[in-house]
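These notes concern the structure reproduced below.
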Amino acid sequence: MSVTVRIDKGENGLVGITIGGGPPLCPVVYVVQVFENTPAQINGQLEPGDEVLAVNGKPVTGMTKTQIAKKIKSLPSPVSLEIKKLQVDPKEYKSLDIALKNIKHRVVESMSQQTADTLGLSRAILVNDDMIQKLHHLEKNTRAYQELAKRIHAVLVVFREQATLNREIGDIFSELAVHEVQPNASKAFTLVGEAHRQFSKTGLEFVQEAKPLLSDMHTFLTKAIPDTRLTVKKYANVKFEYLSYCLKAKEMDDEEATYYAMHEPLYRVYSGNMEYRLTLRCRHLSRQQFARLRKNVSEKLQLLENKRIQDISFQLERFISAMEHSTRRCAVYHKGLDVFPIELDLNRGVFKTSSRMSSDADSGHAASADSSAEQLASDGDLKTLSSLSLTSTADEGIASLPSSVPPVRQTLLDFEAD
């Protein structure tokens, strides 16, 4: 299928293509390369491998490629080129040779230039490019981010557990304040309970404020980095494919030059050089895909680098600031606890063991307490205790004890009797 393409010339009088083939070796003239940022590339209709049939309506049959190039350059703008499009599917043209070259480039990728030269392996200019090196650098940073996220999570867990403990302590002191009959002690218990509740509230507020940092790092580790890694792998596959076609085209050029120097015919050239034209087209298509992915990878890596330098640093600064603010608030609450020492009368108030607190105890419980006291006396632990009689009436309230029992042991026996 032939089409006519009208191309405006550039300032230098060129259209931006190179042509190959033509007499005396090849029966056809074809486009070898379309340069970037040229009128031909902007037009978008010319591609490598297309056969040139006519220039401004005049056939080019029998003309050499040099003559055709001079004619195109001498004509005024715009230039009309009649071409025959080359129909090719790059997927169907992936031969075993291309696959082996792809593997070769992957092997050379991990080698230094000196090692490759020593082994006699040719290296393309795009091997060991900075994109792959940035990916390796990103993989190293990922492990540091994972460890950092683990440590931050551990800190938040500790703060949450500490907040829960402070709340429980606050509830206990508040309950003690309710049952304490002495005003000063009750007020002190109330202050201590309220302070611990504020400790708990401050700790939970810090956890809530620090959660976005952990969430951002989780997104960074589980979504941003894997997505970039996948894009870089796709980029590497396309890059190696492009390098394989470049190497294939170079080998075919060298083969043509060798046969031409020996004045021997090359069958594929005399038959229209179709294989070479297919290689040029596949190289052109893989180059376009390679350029798109390279731009995409470059942007993603730049975004990740900016996030690592700016966002992570900002979040860590915010985390430390929130922790400092929480600590300062707790210190203020702690300074307000100027209530110690707290004086208590163990015979009165909340620590007094009365029958009202054990009214639900049955007679078996009292018998058990009596038996325990007798066992203690028989073992010699309380040698001064001569007798122990427990009463459960509401008026008497506590156990009747001999006067010879020390006060501390009397208190212990009060709790034991309860």
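All figures in this text were calculated on a predicted structure; none of them were measured in a lab. Index from 1, following the sequence.
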Any side-chain heavy atom of Y276 within less than 4.5 Å of one from E256?
-> yes
Report the C-alpha distance between M217 and I152 in whole Å, list the side-chain angles of each, state the deciding distance to 0.1 Å, and finish with yes or no for side-chain contact (heavy atoms from CB on, under 4.5 Å).
-> CA-CA 10 Å; M217 295 196 68; I152 292 177; 4.0 Å; yes
Using atom types as modelled and distance alone, determine if a side-chain donor or acceptor of S215 lies under 3.5 Å from a backbone N or O of K211.
-> no
Taken to the nearest 0.5 Å, the spacing of N37 CG from I42 CD1 works out to 7.0 Å
Would you please name every residue forming a side chain to side chain donor-acceptor pair (under 3.5 Å) with Q288, sequence neighbours left out?
-> H284
I19 side chain reached by V32 side chain, heavy atoms, under 4.5 Å = no
First locate atom CD of E209, then atom NE2 of H325, and finally report the distance between them rounded to the nearest 0.5 Å.
-> 7.5 Å
From I169 atom CD1 to T164 atom OG1, the distance as rounded to the nearest 0.5 Å = 11.0 Å
Over all heavy atoms of both residues, which pair between G20 and K65 is shortest? Give the atoms and the distance, please.
-> CA-CD, 3.9 Å
Verdict with reasoning, R287 to E36, per salt bridge (charged side-chain N to carboxylate O under 4.0 Å, His left out) = CA-CA 11 Å; R287 177 181 173 81; E36 295 183 356; 3.2 Å; yes
For R167, which residues count as a side chain to side chain donor-acceptor pair (under 3.5 Å) partner, sequence neighbours excluded?
-> none
Side-chain contact, heavy-atom cut-off 4.5 Å: K248 with M252?
-> yes
Considering all heavy atoms of both residues, which atom of K85 and which atom of D50 are nearest to each other, and what is their separation?
-> NZ-OD2, 3.0 Å
Using side-chain contact (heavy atoms from CB on, under 4.5 Å) as the criterion, list what pairs up with I320, not counting sequence neighbours.
-> none
Q182 side chain to N184 backbone, donor-acceptor under 3.5 Å = no
Yes or no on salt bridge (charged side-chain N to carboxylate O under 4.0 Å, His left out) for K250 and D254, after CA distance, side-chain angles and deciding distance?
-> CA-CA 6 Å; K250 183 180 182 304; D254 294 341; 3.2 Å; yes
Pair listing, side chain to side chain donor-acceptor pair (under 3.5 Å) test, anchored in residues 12-32, at least two apart | Y30-N273
Report yes or no: do E264 and Y259 form a side-chain donor-acceptor pair below 3.5 Å?
-> no
Could you pull out all donor-acceptor pairs under 3.5 Å where a side-chain atom in residues 51-64 meets a protein atom, sequence neighbours excluded?
| residue | atom | partner | partner atom | Å |
| --- | --- | --- | --- | --- |
| N56 | OD1 | S80 | N | 2.8 |
| T64 | OG1 | Q67 | N | 3.3 |

Residue list, ring-ring contact (aromatic ring centres under 6.0 Å, His included) with F206, at least two apart or on another chain = F159, F319
Hey, can you tell me if F199 and H334 have their rings parallel, tilted or perpendicular (30° and 60° cut-offs)?
-> parallel
Could you walk me through whether K239 and R294 pass the side-chain contact (heavy atoms from CB on, under 4.5 Å) check?
-> CA-CA 9 Å; K239 182 190 77 169; R294 184 177 179 86; 5.8 Å; no
Could you give all pairs that pass the salt bridge (Lys or Arg N to Asp or Glu O under 4.0 Å) test and reach residues 23-34, with sequence neighbours left out?
-> none
Salt bridge (Lys or Arg N to Asp or Glu O under 4.0 Å) contacts touching residues 182-201 (sequence neighbours left out) = D171-R197
Distance from S286 atom OG to N237 atom CG, nearest 0.5 Å?
-> 12.5 Å
What's the verdict on side-chain contact (heavy atoms from CB on, under 4.5 Å) for R281 and L285, showing C-alpha distance, side-chain angles and the deciding distance?
-> CA-CA 6 Å; R281 174 62 63 83; L285 296 176; 4.2 Å; yes
Output for pair (I7 CD1, I17 CD1), nearest 0.5 Å, gives 6.0 Å
d(T258 OG1, D253 CG) to nearest 0.5 Å is 10.5 Å
Side-chain donor/acceptor of S321 to backbone N/O of E317, under 3.5 Å = no
Heavy-atom nearest pair, G21 first then C26, reads CA-CB, 3.8 Å
Sequence neighbours left out, what pairs pass side chain to side chain donor-acceptor pair (under 3.5 Å) with at least one residue falling in residues 68-78?
-> none
Is the number of heavy atoms from other residues, nucleotides or ligands within 6.0 Å of CD (E147) greater than 12?
-> yes
Results of side chain to side chain donor-acceptor pair (under 3.5 Å) for Q41 - residues two or more places apart only = none
Test side chain to side chain donor-acceptor pair (under 3.5 Å) applied to E205 - qualifying residues, sequence neighbours left out | R329
Could you tell me whether the side chain of T38 reaches within less than 4.5 Å of the side chain of L14, counting heavy atoms only?
-> no
Report, as yes or no, whether the 6.0 Å neighbourhood of atom OH on Y270 holds more than 12 heavy atoms from other residues, nucleotides or ligands.
-> yes
side-chain contact (heavy atoms from CB on, under 4.5 Å) against I172, all qualifying residues, sequence neighbours excluded = L176
Between K9 and V79, which heavy-atom pair has the shortest distance, and what is it?
-> CE-CG2, 3.5 Å
Checking side chain to side chain donor-acceptor pair (under 3.5 Å) for the pair Y235/N296: CA distance, chi angles, key distance, verdict?
-> CA-CA 9 Å; Y235 159 79; N296 190 13; over 6 Å; no
Take E255 and L266 through the side-chain contact (heavy atoms from CB on, under 4.5 Å) test and state the conclusion after the steps.
-> CA-CA 9 Å; E255 184 184 27; L266 185 60; 3.9 Å; yes
Residue pair V207 / R160: nearest heavy atoms and the distance that separates them | CG1-NH2, 3.6 Å
Closest heavy-atom contact between L280 and V31?
-> CD1-O, 4.2 Å
Decide yes or no for P48 and R283: does some side-chain heavy atom of the first lie under 4.5 Å from some side-chain heavy atom of the second?
-> no
